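Okay, so here's the structure we're looking at.
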Amino acid sequence: MTPEAYYKPRTLEEAFALKADHPEAFFIAGGTDLMVLMRAGICRPSALISLRHIEPLHQLTVGATTHIGAMTRVAELLEHPEIEERYPLLTAAARRLGSPQVRSVATVGGNLANASPCADTAVALLALGARIRLASPDGEREIPLDQFFVGPKTTCLFSQELVTEIILDEDARGTHGVFIKKGRVKMDIAQASLALWARVKDGQCEQIRLAAGSVGPVPLRLPEVERVLLNHPLDDDRISQASTAAEQTVQPITDIRATADYRRQLIGVFVRRALRQICTESR
Amino acid sequence: MAYRHIGQETPRPDSADKAAGQAVYIHDFERPQMLHGKIKFAEQAHARIVDIDTSKAERLPGVKAVITAQNTPEVRIGFMRDNFALKRDKVRQFRDEVAAVAAIDPDIAAEAVELIEVTYEPLPGVFTPKEALAEEAPLIHETDPRGQPRENNRLDLRYHHESGDPHLGRQAAKYSVEGTFSTPLIQQSCMGTAGCVAEFDRNHHLTIWAKTQIPFLAQRDFIQMLGAIGLKERNCRVIVPALGGAFGTGLDTHAYEYISILLAWRTGRPVKVLYDREQEFSYLSPRQSSEVKIAQGCDENGKLTFRWVDVLMDNGAYTSWGATYPTVMMLPATSLYRVPNVYFDAKLVYTNNTYCQAMRGYGNPELNWALESNLDELAEVAGIDPLEMRRINCNRAGEITPMGLQVTTCGLRDCLESVSEKIEWTAKRRQGKRRGVGLASLFHVGGGGRIYRSDGSGLILKLDDFGNVNVYYGGVEMGQGLHSALSLGVAEALGVKPDKVFVNPTDTGTCPWDVGTHASRGAFMACNAAIKAAADLRRQIFTHAKSLFPKIVAKNLKRYQKKHPHYTAPDVDVAALVDRSTFEMRDGVVRLADAPDEPWLSVSLDTLLRGIHFRSQGEMLLSHVFYDPPNELPDFEKGRGNMSATYAYGVQGAEVEVDVETGEVTILRLVASHDVGRVLNPQTLKGQMYGALAQGVGYALYEEVCTAEGRILNPNFADYKIPTIAEMDFPIELDFIETDDDRGPFGAKGVGEPGLVPTAPAIANAVYNAVGVRIRDLPITPQKVLAALKRKG
């Protein structure tokens with residue numbers, strides 16, 4: 001039950017070499033998901049390869065292009081004043097992730113690579129149009145985040161591939177971002193969550209992205225809703241259309257946390273509320 | 001009456017050690033050579049056991065014993081004797097214990113458990129009382145404990161009450177309302193999970209360190225078990241370590257405890273069995289679920305004319321204290337508000353679900369949920385304000401209720417007025433904006449609760465040469481603050497400072513008998529016993545003082561004069577004073593009531609005690625008492641008997657806001673006014689109330705153990721939600737009404753449970769006031785509220 005070894009590589013190359021030697025080993029970032037699965041006996045890695053000591057994965061630079069190292073802890077993200085200033089949407093989502101204890105060890109890269117449909121930072125990063133950089137022994141590649149998620153707990157990562165950083169091309173200052181999440185209690189896995197990012201001019205969204213959590217097999221972009229809203233006046237009628245479109249787009253399931261029907265209703269409400277908020281903000 | 005310590009904010013004696021991590025919980029506790037036991041659970045709701053293959057587990061290095069019902073004597077458990085420590089022929093619930101392992105460490109034990117292979121022949125299961133009562137339903141128990149064949153799944157327990165003429169009362173009602181209300185399984189969510197360590201000495205006597213609230217009844221159960229395994233006449237000593245909350249989970253003995261004893265006996269070594277959080281959720285008994293059908297009616301003036309209550313309970317596969325909730329449900333059903341005509345009946349049915357045990361409130365929250373929700377519905381139909389409805393039917397001191405409960409003091413009216421004022425009832429009832437207020441009252445035992453032949457409580461006070469007071473009490477400090485109340489009570493009654501009082505660990509080897517820490521009786525019993533013992537000790541001290549006091553003060557005077565050469569003592573004939581005056585003791589100093597206030601004319605308790613001890617034919621002072629309160633064991637089939645020496649009342653008010661788009665209920669404010677008789681230690685009392693309110697809020701809005709075909713679906717805090725500080729982020733106003741009950745120690749009533757009893761209906765009534773929807777099945781989740789709002793249109 002207990003892994004036989006715990007490795008602490010200092011470079012990506014070392015990490016890949018270890019993985020090549022121990023194909024049954026798991027990479028571990030913050031471990032807030034993996035440890036739970038291991039304890040429950042659902043996941044039994046032969047060894048763990050920690051990514052904690054690989055320095056480049058911790059780099060966080062904010063600028064014209066912002067790079068967030070995959071091993072950036074969620075708490076670090078929250079404590080970073082420039083992130084808060086430029087991407088309040090991301091901090092709003094990060095603040096609702098888990099408990100203070102979880103946030104102090106969970107990593108942004110881990111939250112993405114775990115590929116849970118409810119991942120809070122994934123929803124915000126999708127709305128922010130993030131790209132991610134992936135590395136493997138064969139080299140590196142960059143893809144838009146919305147191509148990363150394939151299904152529940154499944155990504156397009158190859159077996160030896162890792163997320164190394166998250167890239168935000170735009171400085172979100174002067175734009176609007178809203179994150180709304182509802183759980184059974186405040187500290188909970190989302191029953192539904194919504195992130196909305198928009199550039200508003202003269203009462204119209206000239207750029208808009210919406211993403212939703214816990215209402216589909218993966219964190220979902222909502223392009224149908226974006227199309228309803230793009231370059232149209234944000235009036236009540238348009239908001240109501242967008243809300244209906246969102247309810248029709250999402251594909252929630254019923255589980256112990258909420259029924260599919262309730263999740264669908266929540267997304268409709270969240271879209272209305274987020275749009276009303278940006279109307280107020282941009283007035 | 002003015003008290004020196006009672007009513008003073010006093011830090012708890014156990015808090016520093018607990019905060020510093022120094023208190024020893026069962027998790028920390030170890031014995032030399034100790035093994036770790038793990039249990040193989042059925043993971044089948046209803047099946048015949050065909051074969052258990054333990055050979056692989058036995059071969060695993062580090063494993064010291066593997067036991068099953070095949071290789072151990074039969075150990076029957078539970079008060080109906082319908083359960084077994086290890087199951088032999090069939091399993092009846094998901095969590096049934098089929099085998100167990102003792103190994104040198106917990107990981108090896110867990111691995112061995114996985115190697116045990118059990119072959120089952122599945123049987124059809126029944127998972128609702130309705131299914132279980134169906135004509136052709138499979139029998140959960142084919143025979144009763146005596147081996148007689150059973151015909152159906154009904155339990156042979158009868159709880160019934162009828163008073164007045166319920167049928168006539170129904171006809172006489174101008175208005176009446178009927179409804180069915182349900183409550184789910186609830187996890188007690190103790191911070192400290194369950195566990196024990198069992199050890200035999202070389203004379204085959206057993207010591208068990210157990211997470212229990214009933215050390216002496218547990219001792220009886222375990223001694224009975226020792227007899228069953230061939231150890232007749234052997235003793236069992238139960239020692240209670242520090243407990244991280246019990247909330248009723250320690251009121252019965254559990255299969256895991258018997259298993260640890262079997263493993264310890266088999267291996268000759270101490271064995272610890274400890275549940276982790278998931279096991280606690282999956283394999284320990286939760287709070288009993290319930291379905292209460294209730295009707296109440298009133299005349300044109302709002303006076304209640306009848307109350308009709310039918311309770312249906314899913315007992316699960318075996319019988320523990322969950323099955324006795326109706327004994328407490330009967331109290332509010334017959335006695336909350338003045339109702340002349342009452343019908344109460346409860347049915348219990350075996351199913352293949354988890355069996356249930358006690359939890360704080362013990363049936364009262366379940367019944368109160370129905371009663372107080374339904375009363376608001378009646379008030380609406382009758383066109384009477386819900387607060388006024390409760391005023392009209394309010395209980396009064398001196399009344400004897402239909403169940404025969406004697407109301408000695410009653411603070412209900414004061415509690416109603418207190419909540420009304422603090423919640424701004426009249427203004428807030430009509431505020432609109434999806435906000436509303438609601439309230440609910442409660443009635444509970446407050447002076448012990450006789451549900452057993454004895455409701456007694458023994459206590460020993462032992463004085464040492466230093467004036468320390470050692471207390472030996474059989475009740476259990478489980479985090480609620482019993483030792484805080486007890487040390488204050490001893491200090492007050494004896495006349496010493498609280499920091500000279502030391503409450504010793506609960507141990508059946510050293511403490512006198514107590515029936516258990518349940519029914520909100522801990523502080524009530526302990527302090528009443530303390531008052532009795534302290535009076536006896538004071539009498540002994542003062543008797544000895546008659547001869548010793550003059551000699552000691554003469555010495556005092558000499559010493560004082562040496563230090564203060566210019567001091568002239570007044571002319572006091574101490575011997576004469578001793579004859580005509582009486583002794584008194586305060587803060588551990590003994591004086592004469594009529595003596596002048598001279599610095600030498602008093603004796604400290606320790607000096608006096610040494611004087612009593614160190615002389616020819618010396619003595620050590622101690623007192624042992626047994627307090628058995630003036631109450632009766634009710635006849636539950638007839639529903640009559642004054643179960644408690646006094647009764648507690650309370651009213652809670654809630655202000656809520658409802659999000660009509662998501663269905664979410666936000667609590668804006670809670671007010672809790674409780675008739676506590678007398679505040680003993682405000683700090684401890686407030687702690688108990690805040691904790692109870694948080695549990696009440698959890699019960700109202702969030703908590704529910706979900707099951708599917710007997711399996712628990714949310715055995716963890718990821719999916720079983722209790723309120724955190726983020727949910728409790730609203731003002732709570734407490735008000736304590738002091739009715740100063742003659743039967744209570746210093747006037748106090750028991751208050752351990754009442755704090756969570758009326759919270760859920762108060763919130764539900766507020767939700768109704770806010771948005772006009774009535775939820776009848778707890779918890780009040782946003783999904784239910786939203787669905788109800790949609791139905792309402």
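These figures come from a predicted structure and were not determined experimentally. In what follows, chains carry the letters A, B, and so on, assigned in the order in which the sequence lines appear, proteins first and then strands, with residues in each chain numbered from 1.
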**Complete:** Okay, Asp659(B) and chain A: the region with an atom under 4.5 Å from a heavy atom over there is side chain
**Item:** Spacing of CZ belonging to Arg273(A) relative to OG1 belonging to Thr662(B), to within rounding of 0.5 Å
**Value:** 5.5 Å
**Item:** Residue-level contacts of residues 241-256 of chain A with chain B, using a heavy-atom cutoff under 4.5 Å
**Value:** Ile256(A)
**Asked** Just by modelled atom types, is the Lys784(B) backbone N or O under 3.5 Å from a matching donor or acceptor in the Tyr262(A) side chain?
**Response** no
**Message:** Please determine whether the number of non-hydrogen atoms from other residues, nucleotides or ligands lying under 6.0 Å from atom CD of Glu281(A) exceeds 12.
**Reply:** yes
**Message:** Salt bridge check, Glu661(B) against Arg272(A): does any charged N sit closer than 4.0 Å to a carboxylate O?
**Reply:** yes
**Asked** chain B heavy atoms under 4.5 Å from Ala258(A): which part of the residue, side chain, backbone, both or neither?
**Response** both
**Asked** Is Glu224(A) atom CD crowded by more than 12 heavy atoms from other residues, nucleotides or ligands, each under 6.0 Å away?
**Response** yes
**Request:** Ignoring hydrogens and angles, tell me if any N or O in the side chain of Gln783(B) forms a donor-acceptor pair with the backbone of Thr259(A) under 3.5 Å.
**Result:** yes
**Request:** Taking heavy atoms only and a threshold strictly under 4.5 Å, list by residue number the residues of residues 177-194 of chain A that touch chain B; give 'none' if the list is empty.
**Result:** Lys182(A), Arg184(A), Val185(A), Lys186(A), Met187(A), Asp188(A), Gln191(A)
**Prompt:** Would you find more than 12 non-hydrogen atoms of other residues, nucleotides or ligands less than 6.0 Å from Lys8(A) atom NZ?
**Reply:** no
**Request:** Pick one of side chain, backbone, both or neither for Leu713(B), based on which atoms fall under 4.5 Å of a heavy atom in chain A.
**Result:** both
**Message:** Taking CG in Asp235(A) as the centre, count heavy atoms belonging to other residues, nucleotides or ligands within less than 6.0 Å. Is the count above 12?
**Reply:** yes
